[in-house]
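Reviewing the structure listed below.
A, B, ... follow the sequence lines: proteins, then strands. Residue 1 opens every chain.
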Amino acid sequence: MPELPEVQTVVSTLQRSVRGLRIAAAKLLRSDVLEPAGFGLEAALVGRGIAEVQRRGKKIVIELDDGNRVAIHLGMSGRLTVEKPEEPVKKHTHFILELVEKSGGKSGAKQVRFVDPRRFGGIFWLGTETAADENLGPEPLTLKPAQLARGLAKTSRAIKTALLDQKLIAGIGNIYADEALFAAGIDPRVPANKLGGEQIAKLNRGIKRVLRRAINHRGSTLRDYRDADGEPGNYQKLHLVYGREGEACAVCGEPIQRIVLGGRSTHFCGRCQKR
DNA sequence: GTCCATGTTCTTTA
DNA sequence: CTAAAGAACATGGA
């Protein structure tokens with residue numbers, strides 16, 4: 001469920017509560033969520049401080065005070081939440097980090113817990129060498145139109161499908177692809193390499209506008225998504241096409257259509273979005 | 001029971 | 001060989 005705005009919100013809430021803390025314990029409750037398989041994750045983490053928490057595409061990157069990094073991908077149903085150690089451990093909890101103040105104080109211990117029922121997500125040990133970047137295209141919030149144009153020119157897939165390709169642009173998923181195409185007034189079925197320069201510029205602005213607004217509203221909660229404090233997002237209320245099949249388009253009143261593109265449901269307004 | 005789901009990767013097809 | 005299309009992964013909710 002988490003796309004760039006949701007992951008960014010988790011990272012922001014996490015930064016506030018765990019940056020600078022020391023890892024007192026680490027428990028991997030389900031080893032198959034870890035890559036590389038069999039890596040000594042717990043030993044590598046215990047005793048280290050958390051230097052920084054960052055986002056790259058849809059990945060959460062935790063940087064330790066020794067320069068090593070671990071990435072967490074939430075997949076479709078994953079959550080990374082901060083909880084008190086005495087809180088009951090939820091079903092499908094695969095990993096727990098126990099954190100304490102660096103200056104000894106045993107009070108105020110907290111845990112970061114990774115819960116992921118569907119297990120499409122995972123934990124990736126990056127060490128100091130592996131780039132968090134691997135297989136990821138540019139960040140959409142700082143993307144330049146010429147960069148976007150270069151990526152889109154390389155493929156004849158429908159623009160909607162191309163936007164979901166993380167190697168082309170990192171962080172956009174099914175919700176924001178539909179919303180960005182509506183914002184830009186572009187038909188999701190148009191082949192990516194058939195878009196004109198003006199349309200690409202419009203799309204680039206649409207992507208940024210939609211993602212920024214979604215971040216301001218703390219992401220979209222459809223079912224599973226929560227930030228690190230357990231709070232849902234609000235942007236789902238402002239979706240103009242996603243999940244609104246049959247409802248009147250907010251701009252022209254035409255019913256929103258739903259089709260399937262690249263195996264994913266796709267929502268758009270047949271009147272506002274042109275080829 | 002059926003269908004669908006905020007994602008990615010592997011396999012098959014053209 | 002390569003790009004695109006399709007299937008698969010695992011769980012739960014409607």
Next item on the list: Go ahead and name the base partner of C/dA10; Watson-Crick or wobble counts if both distances stay under 3.5 Å, otherwise write none.
Entry: none
OP1 or OP2 of [N] versus the side-chain N and O atoms of [X]: is any pair under 4.0 Å?
| X | N | result |
| --- | --- | --- |
| A/Lys154 | C/dA3 | no |
| A/Lys58 | B/dT8 | yes |
| A/His92 | C/dT11 | no |
| A/Ser156 | C/dA4 | yes |
| A/Gln166 | B/dT8 | yes |

Could you go through residues 191-205 of chain A and list every donor-acceptor pair under 3.5 Å that involves a side-chain atom there, pairing it with any protein atom two or more places apart or in another chain?
unit_1	atom_1	unit_2	atom_2	d
A/Gln199	OE1	A/Gly196	N	3.2
A/Asn204	OD1	A/Lys208	NZ	3.3
A/Asn204	ND2	A/Leu143	O	3.3

Rounded to the nearest Å, what distance is computed from the [atom1] atom of residue [X] to the [atom2] atom of nucleotide [N]?
| X | N | atom1 | atom2 | answer |
| --- | --- | --- | --- | --- |
| A/Arg189 | C/dA5 | CZ | C1' | 18 Å |
| A/Phe120 | C/dC9 | CZ | C1' | 5 Å |
| A/Tyr242 | B/dA5 | OH | P | 6 Å |
| A/His94 | C/dT11 | NE2 | P | 8 Å |
| A/Leu261 | C/dA5 | CG | C1' | 12 Å |
| A/Leu164 | B/dA5 | CG | C1' | 14 Å |
| A/Leu168 | B/dT8 | CG | C1' | 15 Å |
| A/Glu35 | B/dT9 | CD | P | 9 Å |

Which nucleotide wins on minimum distance to the side chain of [X], given the candidates [options]?
| X | options | value |
| --- | --- | --- |
| A/Arg223 | B/dG7, C/dG12, C/dT11 | C/dG12 |
| A/Thr155 | B/dG7, C/dA4, C/dG12 | C/dA4 |
| A/Arg264 | B/dT8, B/dG7, B/dA5 | B/dG7 |
| A/Arg119 | B/dA5, B/dT8, C/dT11 | C/dT11 |

Checklist line | Presence of donor-acceptor pair under 3.5 Å, side chain of A/Arg157 and base of C/dA5 | finding: no
Check: C/dC1 and B/dT9: how far apart are their P atoms, nearest whole angstrom?
Finding: 22 Å
Next item on the list: Answer with base, sugar-phosphate or nothing: what part of the nucleic acid does A/Lys59 contact at a heavy-atom distance below 4.0 Å?
Entry: nothing
Next item on the list: For A/Gly173, report the nucleic acid contact type (base, sugar-phosphate, nothing); a contact means any heavy atom under 4.0 Å.
Entry: sugar-phosphate
Check: Taking 4.0 angstrom as the limit, do A/Lys90 and A/Glu83 come out as a salt bridge?
Finding: yes
Note to self: If the threshold is 4.0 Å, N to carboxylate O, is there a salt bridge linking A/Lys58 and A/Glu3?
What the structure shows: no
Check: According to the interplanar angle, ranging from 0 to 90°, do the rings of A/Phe39 and A/Trp125 count as parallel (below 30°), tilted (30 to 60°) or perpendicular (above 60°)?
Finding: parallel
Item checked: A/Gln257 versus A/Glu245, side-chain donor and acceptor atoms under 3.5 Å -> no
Margin query: Given 3.5 Å as the limit, does a donor-acceptor pair link the side chain of A/Arg22 with the main chain of A/Gly47, or not?
Written below: no
